[in-house]
Amino acid sequence: MENQIWMQPEDAARTLRAGGIVAIPTETVYGLAGDAFNELALAKIFNAKKRPTFDPLILHIASLADVEKVAREFPLKARMLAEKFWPGPLTLVLPKRESVPDLATSSLPSVAVRFPVHPLAQEIIRLAETPLAAPSANLFKHLSPTTAQHVAEQLAGRIDGIVDGGMCSVGVESTIVSFAQEEPRLLRPGAITLEMLQECIGEVIVAKSSSSPGSSMESPGMLDTHYQPRTPLLYKSTLNGNLPVKTARLAFGKQLGVLPPTLNLSESGNLIEATANLYAYMHQLDEGDYDLILVDEIPSEGLGRALNDRLRRASSKKFF
Ligand code: AMP
Ligand code: MG
């Protein structure tokens, strides 16, 4: 099975056209792709990821013109963002077309769309000849995969194949901007930063996390716990008690910490490098038999906002 899981783009596209599900590389994280218009394929995605169906999927396209296959309207500011940042790590939430299955959007009247820049992702979407729904290729609430090996560890045996495109260059999930309401809203920070969005279209409202139990979620990727390693991780929360003997420190830059760094996200304090390394280093420390992962503070500006967002959600709410 292990050797049968690896696929070339042509096999992946054939499998996708036949309603199968395949993990594909993108510049953000690996996506678990299925035909966005095939409900059975969508159901297979939710099942393989153990993802609740209230968490809608992002649909991936391979040209600007394809927006109209899934969206009913393309407001001016959304179009300006698309023209500036597509192809790239930006998802736009737009009023959906009737023909998009409810399963893809969790019955929301809007649809999330992205045009990735990764050449293999583009090739597979083109060969599949349909928009592809592709949430991150990991089990629900677990760490997102930034290498094909991460995908295999979590999903081998549950999916039809994996296309190996090496390590993801960005390393965190796409920025999500919603046009479901009057004003543009940033639902999830990512590599296209708030500053970049505002420079292009003016004011963008930063949506607050809305994951209190029972509330309908504007962006379920905003669940308070998400992107978590199995090992407890502490970020900007205080420890009540002593450090466990087996504590790892995930450092950033040249800060002094209570322990020497176990791994350093970026010794020079470069946020792009730190973002690209984040999930891979969390995976590595998670496998390292530690009882706790302590993470250095990261400045919350520009790309640092996305890092802070993911680390806050990865952080254990209770430790000791
Ligand atoms: P991922 O888990 O990276 O596939 O990202 C999927 C996330 O995109 C979901 O968890 C939502 O936060 C967001 N999303 C997808 N569709 C919509 C939508 N129609 N409205 C708002 N957010 C959406
Ligand atoms: Mg995800």
Side-chain angles (χ1 to χ4, degrees), residues 21 23-34 36 42 45-46 48-61 67 70-73 75 78 89-98 100-114 116 118 121 131-146 150-151 154-155 168 170-181 183-192 205-211 215-229 278-279 282-283 306 309-310 313-314:
I21 55 172
I24 64 168
T26 84
E27 67 276 21
T28 57
V29 301
Y30 275 72
L32 179 57
L42 298 175
I45 292 176
F46 283 102
K49 280 181 58 82
K50 302 187 182 168
R51 177 171 172 126
T53 52
F54 63 68
D55 193 357
L57 307 176
I58 296 174
L59 308 194
H60 293 68
I61 56 177
V67 170
V70 297
R72 177 165 51 76
E73 282 168 44
L90 174 69
T91 295
L92 299 172
V93 174
L94 303 171
K96 94 172 183 87
R97 248 188 211 296
E98 198 75 32
V100 174
D102 279 341
L103 199 49
T105 64
S106 306
S107 301
L108 289 168
S110 56
V111 63
V113 199
R114 184 163 97 82
H118 197 294
L132 297 177
S136 50
N138 56 286
L139 294 169
F140 185 61
K141 286 197 177 180
H142 285 240
L143 282 180
S144 296
T146 53
H150 294 159
V151 180
Q154 291 194 46
L155 295 180
C168 300
V170 173
V172 290
E173 300 78 1
S174 57
T175 304
I176 304 180
V177 181
S178 174
F179 289 86
Q181 293 164 6
E183 294 299 325
R185 299 163 72 83
L186 176 65
L187 301 186
R188 178 170 75 185
I192 306 299
I205 296 165
V206 179
K208 292 210 177 61
S209 172
S210 56
S211 64
S215 74
S216 83
M217 277 170 283
E218 188 167 15
S219 187
M222 299 164 80
L223 282 168
D224 266 351
T225 54
H226 210 97
Y227 319 112
Q228 281 194 324
L278 179 70
Y279 287 130
M282 277 162 71
H283 273 281
D309 172 74
R310 303 310 188 278
R313 285 175 225 282

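Whatever order the structure lists them in is the order used to number ligands and atoms, beginning at 1.
Side chains of V113 and L94 form a contact here, defined as non-hydrogen atoms less than 4.5 Å apart.
Using a non-hydrogen distance threshold of 4.0 Å, S136 registers as a contact of ligand 1. Distances shorter than 4.0 angstrom occur between a heavy atom of R51 and an atom of ligand 1.
K96 has a carboxylate O that lies under 4.0 Å from a charged side-chain N of D102, or vice versa, which qualifies the two as a salt bridge.
Here V29 has no heavy atoms under 4.0 Å from ligand 1, in either its backbone or its side chain. Contacts of T91 with ligand 1, taken as heavy-atom pairs under 4.0 Å, are absent altogether.
Under the 3.5 Å distance criterion, the side-chain polar atoms of S106 are left unmatched by any main-chain donor or acceptor of L108. With hydrogens and angles ignored, the 3.5 Å screen pairs a side-chain donor or acceptor of E27 with a backbone N or O of H118.
Residue contacts to the Mg ion (ligand 2): S144 brings no N, O or S atom closer than 2.8 Å.
On a distance-only criterion, D55 and ligand 1 share at least one N/O pair closer than 3.5 Å. Inclusion of T105 in the set of residues having an N or O under 3.5 Å from an N or O of ligand 1 is not warranted.
Residue R188 holds the heavy atom nearest to atom 1 (P) of ligand 1 of all those in K49, E173, R188, H60.
For the residue pair R188/T175, the side-chain donor-acceptor check at 3.5 Å is not satisfied.
Ring-plane geometry between H150 and H283 is classed as parallel, the angle between the planes falling under 30 degrees on a 0 to 90 degree scale with a further cut at 60.
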